[in-house]
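One structure below.
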There are 4 protein chains.
Amino acid sequence: MTAQARRAQIVAATIDVIAEIGYGQTSFARIAEHAKLSSTRLISYHFAGKDELITAVAEDAITSIGDHLARQLAAETTASGMLRAYIEGMVQFTATHRSRMKALLEIFLNGGLHYDATTDQSVVGHVETILRQGQAGGEFREFDARVMATAVQRAVEGLPFLLESTPDLDCAAYGRELVTLFELGTRRSSE
Amino acid sequence: MTAQARRAQIVAATIDVIAEIGYGQTSFARIAEHAKLSSTRLISYHFAGKDELITAVAEDAITSIGDHLARQLAAETTASGMLRAYIEGMVQFTATHRSRMKALLEIFLNGGLHYDATTDQSVVGHVETILRQGQAGGEFREFDARVMATAVQRAVEGLPFLLESTPDLDCAAYGRELVTLFELGTRRSSE
Amino acid sequence: MTAQARRAQIVAATIDVIAEIGYGQTSFARIAEHAKLSSTRLISYHFAGKDELITAVAEDAITSIGDHLARQLAAETTASGMLRAYIEGMVQFTATHRSRMKALLEIFLNGGLHYDATTDQSVVGHVETILRQGQAGGEFREFDARVMATAVQRAVEGLPFLLESTPDLDCAAYGRELVTLFELGTRRSSE
Amino acid sequence: MTAQARRAQIVAATIDVIAEIGYGQTSFARIAEHAKLSSTRLISYHFAGKDELITAVAEDAITSIGDHLARQLAAETTASGMLRAYIEGMVQFTATHRSRMKALLEIFLNGGLHYDATTDQSVVGHVETILRQGQAGGEFREFDARVMATAVQRAVEGLPFLLESTPDLDCAAYGRELVTLFELGTRRSSE
DNA sequence: TATGAATGAGCTTTCATTCAT
DNA sequence: AATGAATGAAAGCTCATTCAT
């Protein structure tokens, strides 16, 4: 087995474990058990430490989301279109990659990631940029872009938690509701 | 020292510790250190276990928030007024009780609380009830009350995290932005 | 069992283990086994960490040696008398407290102790002070006190290692030989 | 790369690492890092085990010292001359090969070497032989040759440790002081 | 000659909890 | 109401070594 494949296997198992039992309960032992590894030593061998493993998990998720969003946003030309695409893209991704998204949120909420400027921008700053563009172009009304971005981000992040208590939730409907909410909340009142 | 006073002291220390270093890093040892107790034994003595302590902390916060909101909402007669009062009440409470709110969120997000119907209703269901009343009374447009309630709740919960990276944030402005957002997002379009 | 007694028991066991198998091979598990403790957890309970345990061991030895030397040197008035008393005192102590001295040397040689000024003075500086007094008072010839002190100290420290390969060594004779060596090496040539 | 060259490279790296961080902290991982090897596997490949590596390091140092001393002692005909040449030779070697000597001492003091008669003779017995020759030939007074040899050996070994706390030490002066000490301590009193 | 992958045993430290006053 | 002493389990990490190319 190649190191790359083994690392991928361990990352996948870690995602599952974090999503299932939470960041705080996740340990090498639990990951090894889930991945059916002979011992936790195999994890230590392929990752320099817990930090590196967690970082790898986060990067895996962030990259996937980034790719997905890039595709979703490619065709959009208006800010409101981009905002809609962002929300629906995130909701879609969450619906089809529940564990990955849940694990990413767990990591962020528990401070398991050492931020850098790139990470911060790719995760949090995306929406804010769209909002500012919309205001500059006259599509959106005046509001505090930071606050609105937070609201969008939190609303989207609410889905993984909702899915835990309601696994059969209609995600598409959830997305549509959010899109409507933020369209009404951001558009120029004269429209 | 009375048992009641000692319990209150320990709960207060636990709130501080959770707010400062997060739920995951919080331990009896660190709470004892913060409260300047001679040993963790004093915590075990006054609380049956970690669960009971965490529950006490959560209940402390929930009760405080409940009292605060009850006062804020008392004078309101319309659903939109109640929604505004709820958002501004929560933001105000967060601004003046940062640690308490942060600790409560940490506990919820890390699954430290064993839900029961009462807890769930008092925390999450409040907004949903208001929204349904508004729809029943014709004040609000049609939307999924559950989804909207989630969005409101998450938006409000965003403040404690924002305060960590931006301690000098203008909380009142944050509240006003959210009120505007949800007024635009919930009102009947004919208005 | 009182904490004090337990700490003393653990310190004694640690001294034995270090003396027997060396600093590098010494572990909590080995100490617990030697002291017949139920688990290593008992060591962690009474000492904040390995550093604290090692420091306690070193302090135990240093204090014992200090007391012994103080008694030996009390009656001496001349520098040559003090030097003789120092050498014989150290040799005597080593002969009757082999493990303690061996353990102390192991700790020093492996950098297990975080020096401070007091430690340094009490361990290394003692001889140098005596030598300088002897030179100032005209008893001793001119020489580099630092170098001579090192030679004395190393010669004395040689005994524990010699005792390992030759347990039946005549320590008193060893001491007498060293006294003669350093008397000849330090006295004024005109004598 | 030839096996011989690779072994030499690893031995050199091991010497550096032991001298820098001590025998106790030295591991294959750290040696590999220092030598910029891709993995510790390369060490295991060229040496049957840790023992063989350490033995190789010690032999490297012992051989170097032996060569150096042989040259220094070649011209000497008297025992006192040989003793002086030995001390100065060892001090010189230490001054110019600090790491090698430090590593050798670390290995000896931590029992990393499995003695055999040859090793013992070549390292410790050298001085004792000189001293006995001097006594047999009437140059030296009566003393216990074993004890005196120990004192000489330990005094010489003190230099590497002294150099750690005082890197700019005047080694030549250190050697002269020791030579004087042991000349005074060994010569016939009638002289 | 070299390497990638894997491994079992060991390490110190921290966890909440319990027994006995 | 409080405390001192003790505890089993689990954590992440490092050790030298080995199997199979």
Side-chain angles (χ1 to χ4, degrees), chain A residues 1-7 9 24-33 37-54, chain B residues 1-7 24-32 37-54, chain C residues 1-7 9 24-32 37-54, chain D residues 1-7 24-33 37-54:
Chain A
M1 198 170 200
T2 68
Q4 195 188 357
R6 187 63 94 183
R7 280 177 65 103
Q9 179 200 14
Q25 315 306 322
T26 298
S27 67
F28 279 18
R30 231 89 73 160
I31 296 166
E33 188 187 15
L37 306 179
S38 59
S39 91
T40 64
R41 184 62 184 81
L42 204 50
I43 304 175
S44 300
Y45 175 69
H46 286 282
F47 295 89
K50 199 182 187 185
D51 279 8
E52 194 182 295
L53 172 58
I54 296 302
Chain B
M1 200 170 202
T2 69
Q4 194 187 358
R6 186 62 93 181
R7 281 177 64 101
Q25 317 307 322
T26 298
S27 70
F28 278 19
R30 270 187 274 257
I31 295 167
L37 307 179
S38 60
S39 91
T40 64
R41 186 66 185 77
L42 201 53
I43 304 175
S44 299
Y45 178 71
H46 285 283
F47 295 89
K50 196 183 187 184
D51 280 7
E52 193 181 297
L53 172 57
I54 296 303
Chain C
M1 199 170 200
T2 67
Q4 195 188 356
R6 188 63 93 184
R7 280 177 64 101
Q9 179 201 12
Q25 315 307 321
T26 298
S27 69
F28 279 17
R30 230 91 70 160
I31 295 167
L37 307 178
S38 59
S39 90
T40 63
R41 184 63 185 78
L42 203 50
I43 304 175
S44 300
Y45 176 69
H46 286 283
F47 295 89
K50 199 181 187 184
D51 279 8
E52 194 181 295
L53 173 57
I54 295 303
Chain D
M1 199 171 202
T2 68
Q4 194 188 358
R6 187 62 94 182
R7 280 177 64 100
Q25 317 306 323
T26 297
S27 69
F28 278 20
R30 271 188 271 258
I31 295 167
E33 189 188 16
L37 308 178
S38 61
S39 91
T40 63
R41 186 64 185 77
L42 202 53
I43 304 175
S44 299
Y45 178 71
H46 285 282
F47 295 89
K50 196 182 186 184
D51 280 7
E52 193 181 298
L53 172 58
I54 296 302

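Here is the naming used below: chain letters follow the sequence lines, and residue numbers restart at 1 for every chain.
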ask   = How many Å lie between CD1 on A:Ile43 and P on E:dA6, as a whole number?
value = 12 Å

ask   = Under 4.0 Å between a side-chain N/O of B:Ser27 and OP1 or OP2 of E:dT14, yes or no?
value = no

task = Might you point out which heavy atoms bring A:Ala32 and A:Ile43 nearest each other, and give the distance in Å?
result = N-CD1, 4.1 Å

ask   = Please give, in whole Å, the distance from F:dA20 P to A:Met1 CE?
value = 18 Å

query = Does any N or O in the side chain of B:Arg6 come within less than 3.5 Å of the main-chain N or O of B:Met1, such that one atom is a donor and the other an acceptor?
reply = no

ask   = Rounded to whole angstrom units, what separation is found between the CG atom of B:Leu37 and the P atom of F:dT3?
value = 8 Å

request  = Ignoring backbone atoms, establish whether C:Ser38 has a side-chain N or O less than 4.0 Å from OP1 or OP2 of F:dT7.
outcome  = yes

D:Phe47 CZ to D:Leu42 CG distance, which is reported to the nearest 0.5 Å = 9.5 Å

ask   = Nearest-Å distance, CD (B:Glu52) to P (E:dT17)?
value = 10 Å

note = NZ (B:Lys50) and OG (B:Ser27) are apart, to the nearest 0.5 Å, by 7.5 Å

key: Atom of A:Gly49, atom of A:Phe28 and distance for their closest heavy-atom approach   = C-CZ, 4.3 Å

Base-pair map of DNA chain E as dot-bracket, where | denotes pairing with a different strand and pairs are Watson-Crick or G-U under 3.5 Å = .||||||||||||||||||||

Sugar-phosphate only, base, or nothing, as touched by B:Thr40 at under 4.0 Å among non-hydrogen atoms = base

inquiry  = Can you work out whether A:Arg30 or C:Ala3 has the more 5'-proximal nearest nucleotide on DNA chain F?
reply    = C:Ala3

Closest-nucleotide ordering on DNA chain F, the 5'-leading residue of D:Tyr45 and A:Ser44 = A:Ser44

query = Would you say F:dA2 has OP1 or OP2 under 4.0 Å from some side-chain N or O of B:Arg41?
reply = no

request  = Would you give the length of the straight line joining atom OG1 of C:Thr26 to atom CD1 of C:Ile54, rounded to the nearest 0.5 angstrom?
outcome  = 7.0 Å

message = OP1 or OP2 of E:dA2 versus the side-chain N and O atoms of D:His46: is any pair under 4.0 Å?
response = yes

task = To the nearest Å, give me how far apart CD (A:Gln9) and P (E:dA5) are.
result = 13 Å

task = Take atom NZ of B:Lys50 and atom P of E:dT18, then tell me their distance rounded to the nearest Å.
result = 15 Å

inquiry  = Is it the case that the side chain of A:Arg7 and the backbone of A:His46 share a donor-acceptor pair, with hydrogens and angles ignored and the cut-off at 3.5 Å?
reply    = yes

remark   = 5'-most contact on DNA chain E (nearest-nucleotide basis), A:Thr2 vs C:Asp51, goes to A:Thr2

request  = Write down the distance between CZ (D:Phe28) and P (E:dT3), rounded to a whole number of angstrom.
outcome  = 16 Å

task = To the nearest Å, give me how far apart CG (D:Leu42) and P (E:dT1) are.
result = 11 Å

